[in-house]
Amino acid sequence: MQLLPISKLALAAGVNVETIRFYQRRGLLAEPDKPPRGIRRYDRADVARVLFIKAAQRIGFTLDEVTQLLQLDDGTRCSEARTIAERKLADVRRRLGDLQRIESELAQLVDRCATRRGKLSCPLIAALQPPAAPEQA
């Protein structure tokens, strides 16, 4: 088995060296012992671990959630991993709902802007302004 210096680990995993160091500080990746007058070396399992972290991030898992998933990586705790994934899926669906609502509101405002002409107040900017406070007598 070929052992890799940190630069080759980063290259093999498609990240930069600072990402590797960041993952080590977060406890996501172990830092190998440094031999006297030598450099730390990483193995293919470390490459696989970094690739796992990046794949989990691509589908929306936070680093805290990735940490939880890595702790479950013994092959016997699939139900716990599923629970984490179900929570993430519910969160994604909630955010999708929020984004659909935002998209609808923005589309309406853009449509109103397209129909206004002349020196009238911009409907988009007017809609974002706070309501005027009633004047006190």
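Numbers here simply count residues along the sequence, with the first being 1.
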Are D73 and F52 close enough, and set up right, to give a side-chain contact (heavy atoms from CB on, under 4.5 Å), and what steps lead you there? CA-CA 11 Å; D73 188 27; F52 175 91; 6.0 Å; no
May I ask you to say whether R87 pairs ionically with D91, meaning some side-chain N is under 4.0 Å from a carboxylate O? no
Same hydrophobic cluster for L4 and V17, using side-chain heavy-atom links shorter than 4.5 Å among ILVMFWY? yes
Does any non-hydrogen side-chain atom of L63 lie less than 4.5 Å from one of F22? yes
Heavy-atom pair with the smallest gap, counting every atom of R44 and A12: NH1-CB, 4.2 Å
Is there a side-chain contact between P5 and R40 (heavy atoms, below 4.5 Å)? no
CD/E80 to CD/Q68 distance, rounded to the nearest 0.5 angstrom? 10.0 Å
From CD (E105) to CG (L128), nearest 0.5 Å: 9.5 Å
Test item: D98 side-chain N/O and R101 main-chain N/O as donor-acceptor pair under 3.5 Å: no
Distance-only polar pair, side chains of T67 and D64, donor-acceptor under 3.5 Å: no
With rounding to the nearest 0.5 Å, note down the distance linking CD in E31 to OH in Y42. 5.5 Å
Would the number of heavy atoms belonging to other residues, nucleotides or ligands and lying under 6.0 Å from CZ of R82 be above 12? no
If you compare all heavy atoms of A10 against all heavy atoms of N16, which two are closest, and at what distance to 0.1 Å? CB-C, 3.8 Å
State the OG1-CD distance between T62 and Q57, to the nearest 0.5 angstrom. 9.0 Å
Main chain of G60, side chain of K88: is a donor-acceptor contact present, judged purely on distance under 3.5 Å? yes
Taking C-beta and beyond as the side chain, do V92 and I59 meet within less than 4.5 Å on heavy atoms? no
If I take atom CG from residue L9 and atom CG from residue L29, how far apart are they, to the nearest 0.5 angstrom? 6.5 Å
Donor-acceptor under 3.5 Å (R49 side chain, L28 main chain): yes
I need the I20 CD1 to R25 CZ distance, nearest 0.5 Å. 11.5 Å
Is there a path of hydrophobic side-chain contacts, each under 4.5 Å between heavy atoms, that joins Y23 and L51? yes
Where is the tightest heavy-atom contact between A30 and Q24, given as atom of each residue plus distance? O-NE2, 3.6 Å
Heavy-atom closest pair (I39 atom, P35 atom, distance to 0.1 Å) is O-CD, 3.5 Å
